[in-house]
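A quick write-up on the structure given underneath.
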Amino acid sequence: MKVDVLLGLQWGDEGKGKIVDVLTPQYDIIARFQGGPNAGHTLEFEGVKHVLHTIPSGIFHGNVINLIGNGVVIDPVVFQKELEKLAPFNIDIKSRLVISKKAHLILPSHRLLDAASEAAKGKNKIGSTLKGIGPTYMDKTGRNGLRVGDIFLPNFKEKYDALVEKHENILKHFDNFEYNLAEMEGAWMEGIEILRSLTAVDSEQYLNAAMKAGKKILAEGAQGTMLDIDFGTYPYVTSSNTVTAGTCTGLGIAPSRIGDVIGIFKAYCTRVGSGPFPTELLDEVGEQIRQEGREFGSTTGRPRRCGWIDLPAMKYAIMINGVTELAMMKADVLDKFDTIRACTKYIVDGVEMDYLPYDIDSVEVTPVYEDIPGWGTDLTGLTSYAAAPQALKDYVTYLERHLEVPVTTVSVGPDRKQTLATK
Ligand code: GDP
Ligand code: IMO
Ligand code: MG
């Protein structure tokens, strides 16, 4: 059995949580492979909206294992809050959720370092979610990190104290940065106790044994390709590999075992936080998309920046990820637009380009658009793609022609049921 992957092709928030939830009945295991509580994955069904940060989006289905892989970073405080929100749904977390012993822990002092570093960057700040993601991955690659497996060791507290001491020494170098670490530590230690009571596994062994036994696995990405540490709009990115290759390193899956790669994107484009966004609309059209699409962050509540779809960026993402099929989300958000625009190339220094330049941050990138007629009807009640307006089908065909990958799913609302298979 191969591992299928679902990941974002834009700057995150494409609707990964919704589609993982929709696909979960076809799988035995849903596995998160990177990121941490910077993610906010929204699922909606039976009139209730759920937002998950660390826990995979298959958690609401019985008989499915949800796995937090070694590539993920976990904040025990956020994690405990997530569990508390799930409590009314009577999910047997101990048997349905397994956590890699090799996943790294976000310490309260990592959050402080994130905040101090962002404050020191001033107007060049990344716009991080302030969840401690960057500092935690820095400690991972710097070989200082604490891992989930460490919480079971007798010298865990010593290791914790040693790392905190390092962090406090670094914090001294930031001007005017005040903090009260002791105040944050109680909740963190409580979260560690909760983690200790759950199921920690050697997740690479677990997953490879499951594959051998014929189990179907779906890897759930967080963030999006344009936020990837290597291939995104560096330095305005997150600190992990959000791309298909991240599945291999974040779960211990060999490259030859990757199966279908489902690339997910919005019918337009959004970004939250700082950094280049060539198709951003700073006018009333952007504002209309924000209002119609309720484009406010699931994790931070920040307004998301909105713009038209960026095909060169998506082609790049498809190339890097080896995408085999596409899911187009939030088509209904464009219901009221007479005309939809798609960026097909850029002009950079008077020269046409069909991919983002290296120095995207310092040169002017002017998008070149094609106009596509809108459908002008409410899509939210659609129950089959066959019944969809021709203009929507034409938009999908247009995208398939440019992207050279089939669009197999079109989403027309936040609910599980508002999901159409096109083929
Ligand atoms: P994720 O991080 O990729 O899981 O995406 P988020 O949950 O951060 O953001 C997607 C938002 O769009 C959520 O509020 C979803 O409930 C909502 N959503 C998902 N699909 C659709 C859709 O097809 N139409 C509309 N209107 N909203 C959607
Ligand atoms: P999901 O999984 C959208 C953005 C932040 C910031 C940059 C770095 O819900 O799609 P970080 O806290 O990771 O150091 O922030 O990345 N960012 C996201 N944007 N969706 C996300 O996750 C994001 N996770 C991080 O806004 O610009
Ligand atoms: Mg999100």
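If you're wondering where the values come from, they're calculated on a predicted model, not measured in any experiment. Just follow the structure's listing: the first ligand is 1, and inside any ligand the first atom is 1. Heads up: numbering here begins at 1 and tracks the sequence.
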Near [X], which atoms of ligand 1 are under 4.0 Å from a heavy atom of that residue?
X: G17; answer: 4 (O)
X: M329; answer: 20 (N)
X: K18; answer: 20 (N)

Among all protein non-hydrogen atoms, which one is nearest to [atom], and what is the separation to 0.1 Å?
atom: atom 12 (O) of ligand 2; result: T129 OG1, 2.6 Å
atom: atom 20 (N) of ligand 2; result: D13 OD1, 3.0 Å
atom: atom 13 (O) of ligand 2; result: T238 OG1, 2.6 Å
atom: atom 10 (C) of ligand 1; result: D13 O, 3.7 Å
atom: atom 23 (C) of ligand 2; result: Q223 CG, 3.6 Å
atom: atom 11 (C) of ligand 1; result: K330 NZ, 3.6 Å
atom: atom 23 (O) of ligand 1; result: S411 OG, 2.5 Å
atom: atom 15 (O) of ligand 2; result: S128 CA, 3.4 Å
atom: atom 15 (C) of ligand 1; result: T42 CB, 3.9 Å

Would [X] count as a polar contact of ligand 1, with the cut-off being nitrogen or oxygen pairs under 3.5 Å?
X: G40; result: yes
X: G12; result: no
X: G413; result: yes
X: D332; result: yes

Under 4.0 Å from any heavy atom of [X], which atoms of ligand 2 are there?
X: W11; value: 3 (C), 19 (N)
X: V272; value: 3 (C), 5 (C), 19 (N), 26 (O), 27 (O)
X: A222; value: 2 (O)
X: A39; value: 1 (P), 2 (O), 9 (O), 22 (O)

- Query: Looking only at side chains, do E284 and Q288 share a donor and an acceptor under 3.5 Å apart?
  - Reply: no
- Task: Return yes if a side-chain donor-acceptor contact under 3.5 Å exists between N38 and T238, otherwise no.
- Result: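 N38 vs T238: donor-acceptor pair found between side chains.
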- Determine, using heavy atoms of Q10 and all atoms of ligand 1, whether some pair is separated by less than 4.0 Å.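 Contact absent.
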- Would you call E295 and R290 a salt bridge, using N to O less than 4.0 angstrom?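 No, no charged N to carboxylate O under 4.0 Å.
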- N-O pairing of D354 and K315 below 4.0 Å: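 Salt bridge: no.
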- Item | P135: side-chain contact (heavy atoms from CB on, under 4.5 Å) partners, not counting sequence neighbours |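 H110, L113, D114.
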Determine, using heavy atoms of [X] and all atoms of ligand 2, whether some pair is separated by less than 4.0 Å.
X: K16; result: yes
X: G127; result: yes
X: G40; result: yes
X: R271; result: no

- Query: If we only count N/O pairs under 3.5 Å, is K131 in contact with ligand 2?
  - Reply: no
- Flag V237 as yes when one of its N or O atoms lies below 3.5 Å from any N or O atom of ligand 2, and as no otherwise.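 V237 vs ligand 2: no N/O contact under 3.5 Å.
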- Query: So how far is it from I262 CD1 to K16 NZ, rounded to the nearest 0.5 Å?
  - Reply: 13.5 Å
- Task: In sequence, state the C-alpha distance, the side-chain angles, and the governing distance for I217 and D4, and then conclude on side chain to side chain contact (heavy atoms under 4.5 Å, CB included).
- Result: CA-CA 6 Å; I217 302 170; D4 295 336; over 6 Å; no
- Item | Option nearest atom 16 (O) of ligand 2 (shortest heavy-atom distance, choices L130, T300, L227) |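 It is L227 that holds the nearest heavy atom.
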- Given that the side chain starts at C-beta and the backbone is N, CA, C, O, which of these parts of H41 lies under 4.0 Å from ligand 2, counting heavy atoms, or is it both or neither? side chain
- Considering the options H173, K172, E165, K166, which one meets the side-chain hydrogen bond (donor to acceptor under 3.5 Å, both in side chains) requirement together with N169?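 Between N169 and the candidates, side-chain hydrogen bond (donor to acceptor under 3.5 Å, both in side chains) is satisfied uniquely by K172.
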- Message: Centroid separation under 6.0 Å, is that true for the rings of Y137 and H104?
- Response: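 No; Y137 has its ring centre 6.0 Å or more from that of H104.
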- Message: Tell me if the aromatic rings of F79 and W188 count as close, with their centers under 6.0 Å from one another.
- Response: no
- Message: Ring-plane angle category for H402 and Y398, please: parallel below 30°, perpendicular beyond 60°, tilted otherwise.
- Response: tilted
- Query: Can you say whether the rings of F231 and Y316 are parallel (under 30°), tilted (30 to 60°) or perpendicular (over 60°)?
  - Reply: perpendicular
If you measure from each non-hydrogen atom of [X] to ligand 1, which part falls under 4.0 Å: side chain, backbone, both or neither?
X: V412; value: backbone
X: E220; value: neither
X: H41; value: both

- Item | Shell of protein N/O/S atoms around the Mg ion (ligand 3), taken as anything under 2.8 Å |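 Those protein N, O or S atoms (cut-off: under 2.8 Å from the Mg ion (ligand 3)) are D13 OD1, G40 O.
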